[in-house]
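Here is the structure we will look at, set down as structure tokens.
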Amino acid sequence: MTKGESKGGGAKVETAIKPTRADDYAEWYQQVVRAADLAEGSAVRGCMVIKPWGYALWERIQAELDVMFKATGHKNAYFPLFIPKSFLEKEAEHVEGFAKECAVVTHHRLIAGEGGGLIPDPKAKLEEPLIVRPTSETIIGASFAQWVRSYRDLPLLINQWANVVRWEMRTRLFLRTAEFLWQEGHTAHATREEAEAETRQMLDVYSTFAREHMAMPVFKGRKTDAERFPGAVDTYSIEAMMQDRKALQAGTSHFLGQNFAKASGIRFQSKQETEEYAWTTSWGVSTRLVGGLVMTHADDDGMVIPPRLAPAHVVILPVLRGDDTKAKVMEFVHGLAAELRSVTYHGRRIEVEVDNRDLRGGEKSWEWIKRGIPLRVEVGPRDVEAGSAMLSRRDRGTRDKASISRVDLVGTITSILDEMQAGLYARALAHRTEHTRWVGSRAELEDFFTPKSVRMVGGDERPEMHGGFALCPFAGDASVETELREKLKVTVRNIPEDLPDGGPDRSNMRCIFTGAPADKVALFAKSY
RNA sequence: CGGGGCGUAGCGCAGCCUGGUAGCGCACCUGGUUCGGGACCAGGGAGUCGGAGGUUCAAAUCCUCUCGCCCCGACCA
């Protein structure tokens with residue numbers, strides 16, 4: 001059982017977030033997002049306001065990924081928000097995939113209506129409707145077609161940071177909203193091999209980022225046909241396990257073959273003087289990662305931010321008691337803050353917040369606990385006397401604090417943060433390992449994903465937290481996927497590259513559903 | 001788009017059945033006592049009760065219409 005859960009032996013602990021994960025996971029998630037001040041709903045249905053602390057997390061994700069994209073040769077650019085309807089129509093599968101959830105712009109002017117309001121001017125109707133981009137393959141393809149003439153123009157390695165709109169029915173902050181922020185890489189290559197290598201390279205970038213920065217273990221793998229991106233030849237994903245054991249697709253990378261090159265006319269003259277279609281890729285991660293961060297690390301007291309992603313690493317909370325000591329304490333605090341800021345942690349300066357708001361100490365502490373800042377440092381008159389501070393770590397109990405000398409704090413803060421980062425990853429990995437299982441038969445798989453109802457205090461019954469990741473040989477029969485999705489809401493998340501120990505003899509596997517020879521192992525799970 | 005629910009102070013709600021002109025908790029403001037882990041006391045500000053129409057001496061409450069939102073069923077980063 002994870003730290004902070006209210007069930008189990010011992011006295012019931014008062015938690016900052018109610019309900020707890022064990023009591024109502026979905027509601028817990030919403031409460032953490034609110035309590036950590038990450039985001040809130042807005043006047044626009046399905047759209048969220050990302051608040052400064054939440055946006056700072058996204059900025060950290062952007063900053064780290066951007067460096068990784070640049071290091072692999074990509075350049076940033078920006079393409080239009082609006083896509084002519086005819087562009088979207090160019091790739092058949094693509095249309096089918098997105099048509100159902102598009103925002104459409106039909107007019108370019110408003111005039112006074114009868115009731116005093118504004119209405120679209122019938123005389124200002126667009127000749128061709130514009131679609132607010134749900135993704136940009138087609139509009140970027142049009143530019144690529146202009147930019148690419150010769151094999152010497154390839155590869156073309158472009159990324160854009162942008163917002164996109166998908167008119168979703170059911171929305172949840174960060175996890176699924178009608179508008180979201182993301183990054184979409186688009187590349188064009190002279191050969192199939194090179195484009196496939198690019199697809200895999202970016203998948204690796206994502207999994208490295210997830211592991212090292214987000215402290216989130218992921219399974220990398222290829223999607224089945226049923227789960228492929230509309231218009232792609234192959235889709236790859238990284239899949240992470242959330243604390244309720246459901247999978248979250250945390251990043252995708254697509255090998256688009258020549259489908260979009262043909263649709264957009266991305267042609268080039270080869271060295272052999274033949275005309276060829278380019279091979280393209282696209283890959284993306286979104287603000288959904290912030291939701292993934294919450295569901296991977298947060299606990300019943302709120303957000304927990306991995307140090308390497310933290311907008312601020314430490315908050316200093318001055319304990320001010322009376323005017324006689326206030327000046328001394330603040331002098332010490334500012335000195336300490338300056339010293340900490342001079343320390344480098346993975347290429348960044350340590351970020352320090354000094355919270356000297358006129359609030360009670362406990363109230364401030366709890367606020368920062370809920371926000372998930374890695375370290376809290378209290379400095380009061382007694383610490384000033386002793387040249388020390390009281391240090392609390394977000395990965396320990398909320399009341400757990402220990403005195404540390406100023407010198408030691410400055411000297412060891414990076415190793416403390418590294419230890420926390422490693423600890424968060426280890427904990428997430430242990431959780432995933434505990435709930436990942438090889439299954440040998442369909443019955444076993446169905447049992448694994450069938451909840452046993454649990455009687456709550458007060459008599460309510462609700463499904464237990466159950467299931468997890470199931471691995472088994474799979475021959476790739478699409479009708480099996482449909483059946484499992486309909487019956488159990490379980491899907492193949494991907495065909496993982498790296499498999500945990502155990503399982504059947506890889507050289508002689510049979511599909512557990514059809515009995516046919518199988519050369520692949522599939523990862524099954526319920527998902528967000 | 002089908003089934004269910006809800007709109008009353010910034011947030012969460014009570015009041016409605018049995019009409020009499022608006023209340024509670026949290027938050028906010030002021031003063032005081034407090035303060036090394038979610039304080040207490042006293043005082044205070046804040047709501048055209050989603051909107052329109054009707055019944056009535058009188059409507060948050062009853063009736064009609066309307067708008068918006070949330071939950072459940074077909075999708076998805």
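Keep in mind it's a predicted model, so treat the numbers as computed, not measured. What you see below is based on every heavy atom in this structure, not just the backbone, and it leaves out hydrogens, waters and symmetry mates.
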Query raised in the report: What salt bridge (charged side-chain N to carboxylate O under 4.0 Å, His left out) pairs are there with at least one residue in residues 48-62 of chain A, not counting sequence neighbours?
Result: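 Non-adjacent pairs meeting salt bridge (charged side-chain N to carboxylate O under 4.0 Å, His left out): A:Asp37-A:Lys51, A:Glu40-A:Lys51, A:Arg60-A:Glu64.
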
Taking atom [atom1] in both [N] and [M], compute the distance separating them and give it to the nearest angstrom.
N     : M     : atom1 : answer
B:A9  : B:G25 : P     : 16 Å
B:U33 : B:C17 : C1'   : 47 Å
B:G12 : B:A27 : C1'   : 11 Å
B:U48 : B:C35 : P     : 41 Å
B:C69 : B:A74 : P     : 22 Å
B:A22 : B:U55 : P     : 24 Å
B:A52 : B:A60 : C1'   : 16 Å
B:A39 : B:G7  : P     : 32 Å

Find the distance [X]:[atom1] to [N]:[atom2] and express it as a whole number of Å.
X        : N     : atom1 : atom2 : result
A:Arg485 : B:A74 : CZ    : C1'   : 11 Å
A:Trp167 : B:A77 : CH2   : P     : 18 Å
A:Lys223 : B:A77 : NZ    : P     : 8 Å
A:Arg34  : B:A27 : CZ    : C1'   : 12 Å
A:Glu227 : B:A77 : CD    : C1'   : 12 Å
A:Glu486 : B:A74 : CD    : C1'   : 10 Å
A:Asp358 : B:C28 : CG    : C1'   : 15 Å
A:Lys100 : B:A77 : NZ    : P     : 11 Å

Report task. For residues A:Ala77 and A:Ile158, report the shortest heavy-atom separation together with the two atoms involved. Result ->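 What the structure gives for the nearest pair is CB-CG2, 3.9 Å.
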
Query - Nearest atoms (heavy-atom pairs only) where A:Met465 meets A:Arg245 - result: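 So the two residues come closest at O-NH1, 3.6 Å.
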
Which base sits across from [N] as a Watson-Crick or G-U pair, both distances under 3.5 Å?
N     : answer
B:C24 : B:G12
B:U34 : none
B:A59 : none
B:U18 : none
B:A77 : none
B:G47 : none
B:G68 : B:C6

Query raised in the report: For RNA chain B, which residues in residues 50-68 of chain A have a heavy atom at a distance below 4.0 Å?
Result: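 Within this stretch, nothing sits under 4.0 Å of the strand.
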
[X]: what forms a side chain to side chain contact (heavy atoms under 4.5 Å, CB included) with it, not counting sequence neighbours?
X        : value
A:Ser405 : A:Val407, A:Asp408
A:Val410 : A:Leu336, A:Glu339, A:Leu340, A:Val343
A:Ser286 : A:Phe180, A:Trp182, A:Arg288
A:Gln160 : A:Tyr78, A:Phe79, A:Arg133, A:Ser136, A:Ile140, A:Ala162, A:Glu184

Write out a two-atom table: protein N or O, nucleotide N or O from nucleotides 68-73 of chain B, distance below 3.5 Å.
residue : atom : partner  : partner atom : Å
B:C72   : OP1  : A:Arg170 : NH2          : 3.2
B:C72   : OP2  : A:Arg170 : NE           : 3.0
B:C72   : OP2  : A:Arg170 : NH1          : 3.1
B:C72   : OP2  : A:Arg170 : NH2          : 2.5

Query - Residues A:Glu367, A:Arg357: salt bridge by 4.0 Å N-O rule - result: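 Yes.
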
Query raised in the report: Any side chain to side chain donor-acceptor pair (under 3.5 Å) pairs touching residues 216-229 of chain A, not counting sequence neighbours?
Result: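 Passing the test, one end in residues 216-229 of chain A: A:Glu93-A:Arg228, A:Asp204-A:Lys220, A:Lys223-A:Glu239, A:Lys223-A:Gln249, A:Thr224-A:Glu481, A:Asp225-A:Arg228.
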
Requested in this report: Looking at every strand, decide which applies to A:Thr177 at a 4.0 Å heavy-atom threshold: base, sugar-phosphate, or nothing.
Outcome: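 Since a base atom lies under 4.0 Å of A:Thr177, the category is base.
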
Under the side-chain hydrogen bond (donor to acceptor under 3.5 Å, both in side chains) test, which residues partner [X], sequence neighbours left out?
X        : result
A:Ser282 : A:Glu137
A:Lys526 : A:His466
A:Lys18  : A:Glu14

Check nucleotides 32-39 of chain B against the protein and report each pair of N or O atoms closer than 3.5 Å, with its distance, or say if there are none.
residue : atom : partner  : partner atom : Å
B:U34   : O2   : A:Arg360 : NH1          : 3.1
B:G36   : N7   : A:Arg382 : NH1          : 3.4
B:G36   : O6   : A:Pro381 : N            : 3.0
B:G36   : O6   : A:Arg382 : N            : 2.8
B:G36   : N1   : A:Gly380 : N            : 3.3
B:G36   : N1   : A:Asp383 : OD2          : 2.5
B:G36   : N2   : A:Asp383 : OD2          : 2.7
B:G37   : O2'  : A:Arg399 : NH1          : 2.1
B:G37   : N7   : A:Lys401 : NZ           : 3.0
B:G37   : O6   : A:Arg376 : NH2          : 3.2
B:G37   : O6   : A:Ser392 : OG           : 2.9
B:G37   : O6   : A:Thr398 : O            : 3.4
B:G37   : N1   : A:Arg376 : NH2          : 3.0
B:G37   : N1   : A:Thr398 : O            : 2.8
B:G38   : O4'  : A:Trp366 : NE1          : 3.4
B:G38   : O6   : A:Ala16  : N            : 3.4
B:G38   : N2   : A:Lys370 : NZ           : 2.6
B:A39   : OP2  : A:Arg360 : NE           : 2.8
B:A39   : OP2  : A:Arg360 : NH2          : 3.2

Requested in this report: With A:Arg376 as the cation and A:Trp368 as the aromatic partner, state whether NZ or CZ is under 6.0 Å from the six-membered ring centre and within 45° of the axis.
Outcome: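 Checked: cation-pi criterion not met.
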
